[in-house]
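Read through the structure below, which is laid out as C-alpha cells, and then see the notes.
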There are 2 protein chains.
Amino acid sequence: MTTIKDVAAMVRVSPSTVSRVLADSPRISEETKQRVREAMATLHYEPNMLARGLVTNTAGAIGLVMPPGLNEFFENPFFSEMMSGVSEVARKEGFDTLLSTSAINEEDALDRMIRGRRVDGVILLGSRLQDPVLDQVVKLRFPSTLLGRPGHNIPISWVNNDNVQAAYEATLHLVGLGHRVVGFLGGSTDLVVTSDRLEGYRKALNEVSLTRDARLEVSSFFLEQGGYLGMMRLLALSERPTAVLASDDVLAFGAMRAAAELGYRIPEDMAIVGFNDIRLAEIANPSLSSVRVHMQQLGIAAAQQLIAQIRNPEIGVQHTVVPTRLIVRNSCGARLQPQRG
Amino acid sequence: MTTIKDVAAMVRVSPSTVSRVLADSPRISEETKQRVREAMATLHYEPNMLARGLVTNTAGAIGLVMPPGLNEFFENPFFSEMMSGVSEVARKEGFDTLLSTSAINEEDALDRMIRGRRVDGVILLGSRLQDPVLDQVVKLRFPSTLLGRPGHNIPISWVNNDNVQAAYEATLHLVGLGHRVVGFLGGSTDLVVTSDRLEGYRKALNEVSLTRDARLEVSSFFLEQGGYLGMMRLLALSERPTAVLASDDVLAFGAMRAAAELGYRIPEDMAIVGFNDIRLAEIANPSLSSVRVHMQQLGIAAAQQLIAQIRNPEIGVQHTVVPTRLIVRNSCGARLQPQRG
DNA sequence: CTGAAAGCGCTAACAC
DNA sequence: GTGTTAGCGCTTTCAG
C-alpha cells in the first residue's frame, strides 16, 4: 500500500508537505505541488480515508438509516428513486453513501454509524409517530435530515411533502367525480406519512359532509399483497366504496388486482388513486392516477440539506416542502364521461 | 466522544484490557469483562471504526460498485431486489454496505474504495465485454465478486445465471407455441448479460432451423422507454415478429406498451417473454411471462461469497450458478388454445 | 515555503 | 490476567 511517506520519499520532501499538497495548501509552491502530484500518480497513491478520518474526525460518507422491515422498504420503488436522488448529490459533493445494514434495529444502526464515526451525517428514512430515533439523533447533535415529518415536536431538519393537503385534494378529486363512499387504504398506522394522508382524507370527507366510517379506513403492510388484502376487506363491506384512495402506489396495484380478480372494472366499478407516482403507474393497465411526490427530488433535497449541515454545523434546522401534484390517468375515471354526480 | 481510555479510567484498568474485552479475549477474567462492559454501557461507548480499521486494516463494510449510468440502474427493480439480498447477508455478518457514489466512473470508485480502505471487499454489479474494472480488481488482489460473468478470461469469483441456457429455453418455448418469426429485444450490447441472452436466442433459432435476421435483434437502453422504442422498430419491419424475447422485464413492459398502443393484442397478436421476473410481472395486465432469475438469491450468494473471501483470503475463486426458471403467464400465449403450429 | 513532532483511538506484540 | 509500548497513515501546530 502506498502511503504519504512513500510519496514524500520519492520527491524528497517531508510527509507534511505531501499532506499539504493533498489539501492544495497555498503555502506550497506550484513547482513542488507539481512534483508531488506526479509521484502520487506514478505510485498510485490514494489517501487512506481511515487515517484521515481519525485525525479530522470526518468520514466522507453519509448514512442512510433504513426503517425497520428492510425488505418491505427495498421492494418499494419509492426507495430506489429516492436513493437515486441522494446518491447523485452525494457523488457530486464527494461523499459516499453508507447503508445501515449492519444492525438489527434503527437505534443500534445509528449508534454504530454515529458514535463509530462511520458517517458525517444521516438521512432518516421515514418516521413513526413516537420515534425514539429522532430523539436519539437530536440528543447527539449529529447532522441529520428526516425524510418525512417528525411525529412529535422536535427540532430536526426534514424534507417532506404536504401529505395532508395532497390526500385532501386527491380525495376531493374523487368526490368531485361523484363518489359518495370513498375508502382509504393505508400502510402501517404508526407511520407519520400514513397518518397525515389519512388526516387529509378525513378532512376532505368532513368538508363535503360525507359520513366517515372507520370501516372504510383499512391499513395494511406496505406491499402489493397488503393492498390486495386491504381491498378485499373494503369490497366485503355491506356498503362498499366506489372509490379508494391508496396511500402508496404499490398498495394501489394490489387493490387493483383484488378488484379485477373479483370482476370489478376499473375505473367504472371502482375508482382508484394512488400515492407516489412510481414509474409503473403510467405503464400499468389501466394506468394509475397518482399523487406525484417527486421521490427523487425528496432525495436530492435531503442530501443537500444534510451536506449543508455537515459543512456548517451552525446552520440550524432546515425544512423543505416538496410540492405534490395529482396526476390524473385512467384508474380514477375522470377521463370517462361523468356518470354519477 | 467516549474512547477506550475513558472506559479504562472508569474501571481502573489499562486501555488494552478494554480492547481485549471488546474482542472477548479468553485471557481476560469474566469478572473484569463484566465491569468493563458495564462501564461501556454507562458511558455509551462505541468503538471508533476508523481507529480500529487503521490498525487492523479492515473497514467493516462491503462496497457495491454500480455500473456507469447510475440512474438507469437504480430505476430497475432488479437493483433493489438484489440489494435486499446483499444487505440481508451483510447485516447478519456485521458489515455495512457502501455505495460507490462518490466517483464519476467505476475505476475511480474502485480506487477510492479499495486503496482508500473504505471497504473490505467489493461486489461488482454487472460486467461489460471488455471490462477494465475486472482487471483492476484482480490486479489489486482485492476480495471481490462479480454479479454476472466476466466477458474475458480472468480469475475472478462470480455469481450468475446461465443466461445462454435460459434464453435458449425461453426462445424454444416461443417457437414451441408456433412462432416462426421471433424478435430479440436487448439492452446495451456491450453488457455480457445481453450478449449471453442473445447467444441463447440465436442458438435456439439455429437449432430449429429458423432463419435468423439481424433486423430482428434490436438493442436499446435498459429502460421502459428503451423497450418501447425497440418494439416500435420491430413492429415496423416488413416481416414483423409474432413473438419477442426481451432481455429484461422493464424492456418487456415498454414493448407491451408500444404494441398495445398500436392496436396489437397481447398475446394473440404478439407474444412476449421477459427476463428477471420482477414483482410487477405477475401483477401486470396481461401478466408477463418471464424467466425468473432469483435476483435476491443472486445478491445473497454474492455477499456470502465475498464475505467468505474477506474472512479467508486464501479461499480462491468461487463460482455460483443460480438456476433460472421460465414462469409462464399470459403474455406469451401458452395458456391460449394453440392457434398456429 | 518547508520540516519536525505530536497525536487522533485503537490493537498487538512483548513484558511481567 | 493485565499493563506497557509502539505504531497504523494522516493532519496540524509550531519552528524556522
Side-chain angles (χ1 to χ4, degrees), chain A residues 1-40 43-61 94 111-120, chain B residues 1-40 43-61 94 111-120:
Chain A
M1 205 174 69
T2 315
T3 77
I4 212 172
K5 279 186 190 167
D6 304 321
V7 178
M10 185 167 178
V11 194
R12 297 186 190 289
V13 293
S14 74
S16 36
T17 299
V18 177
S19 173
R20 290 194 182 99
V21 173
L22 279 176
D24 202 16
S25 157
R27 290 167 34 181
I28 302 289
S29 72
E30 274 309 318
E31 195 227 322
T32 316
K33 279 186 185 172
Q34 205 52 44
R35 283 167 48 223
V36 170
R37 289 197 177 116
E38 274 166 23
M40 295 199 291
L43 293 176
H44 292 297
Y45 171 75
E46 196 74 26
N48 182 323
M49 298 310 281
L50 299 176
R52 174 181 290 176
L54 186 57
V55 35
T56 59
N57 234 314
T58 59
D111 262 349
R112 227 182 106 102
M113 274 192 172
I114 297 181
R115 298 197 209 265
R117 301 281 161 210
R118 301 174 85 88
V119 298
D120 298 321
Chain B
M1 206 173 69
T2 315
T3 77
I4 211 172
K5 280 186 190 169
D6 304 321
V7 178
M10 184 167 179
V11 194
R12 296 187 191 289
V13 294
S14 75
S16 42
T17 299
V18 178
S19 174
R20 288 193 185 102
V21 174
L22 280 175
D24 201 17
S25 157
R27 293 167 33 181
I28 302 288
S29 72
E30 273 310 318
E31 194 228 322
T32 316
K33 279 186 186 172
Q34 206 52 44
R35 284 167 49 223
V36 169
R37 289 198 178 116
E38 274 166 24
M40 295 200 290
L43 294 175
H44 291 297
Y45 171 76
E46 196 73 27
N48 182 323
M49 297 310 280
L50 299 176
R52 174 182 289 175
L54 187 57
V55 35
T56 59
N57 236 315
T58 59
D111 262 349
R112 226 182 107 102
M113 275 192 174
I114 297 181
R115 299 197 207 266
R117 301 282 160 210
R118 301 177 84 88
V119 297
D120 298 321

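Lettering follows sequence order; numbering is per chain, from 1.
Remark: the backbone N or O of A:Ser25 is paired with a side-chain donor or acceptor of A:Lys33 at under 3.5 angstrom. Judged by distance alone, the side chain of B:Arg118 and the main-chain N or O of A:Gly60 form a donor-acceptor pair under 3.5 Å.
Among residues two or more places apart in sequence or in another chain, the salt bridge (Lys or Arg N to Asp or Glu O under 4.0 Å) test is passed with A:Arg117 by none. In this view, B:Arg35 and B:Val11, B:Glu31 satisfy the side-chain contact (heavy atoms from CB on, under 4.5 Å) rule, not counting sequence neighbours. When the salt bridge (Lys or Arg N to Asp or Glu O under 4.0 Å) test is applied to A:Asp6, no partner is found at least two apart in sequence or on another chain.
In the helix from C:dC1-D:dG16 to C:dC16-D:dG1, the terminal helix axes, each the rotation mapping four pairs' C1' atoms onto the next four within five end pairs, subtend 40°, rounded to 10°.
OP1 and OP2 of C:dT2 both lie 4.0 Å or more from every side-chain N or O belonging to A:Thr17.
Going from atom CG of A:Asp6 over to atom P of D:dC10 covers 9 Å, rounded to whole Å. Going from atom CZ of B:Arg117 over to atom C1' of D:dG9 covers 11 Å, rounded to whole Å.
Between the side chains of B:Ser16 and B:Ser19, no donor N or O sits under 3.5 Å from an acceptor N or O.
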Show the atom names and distances, to 0.1 Å, of all donor-acceptor pairs under 3.5 Å that link a side chain in residues 45-53 of chain A to residues at least two apart or in another chain.
| residue | atom | partner | partner atom | Å |
| --- | --- | --- | --- | --- |
| A:Asn48 | OD1 | A:Leu50 | N | 2.8 |
| A:Asn48 | OD1 | A:Ala51 | N | 3.1 |

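Annotation: the span from B:Arg115 atom CZ to B:Met113 atom CE amounts to 14.5 Å, rounded to 0.5 Å.
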Reading 5' to 3' through nucleotides 9-16 of chain C, protein heavy-atom contacts under 4.0 Å coded B for base, S for sugar-phosphate only, - for none: BBBBBBB-
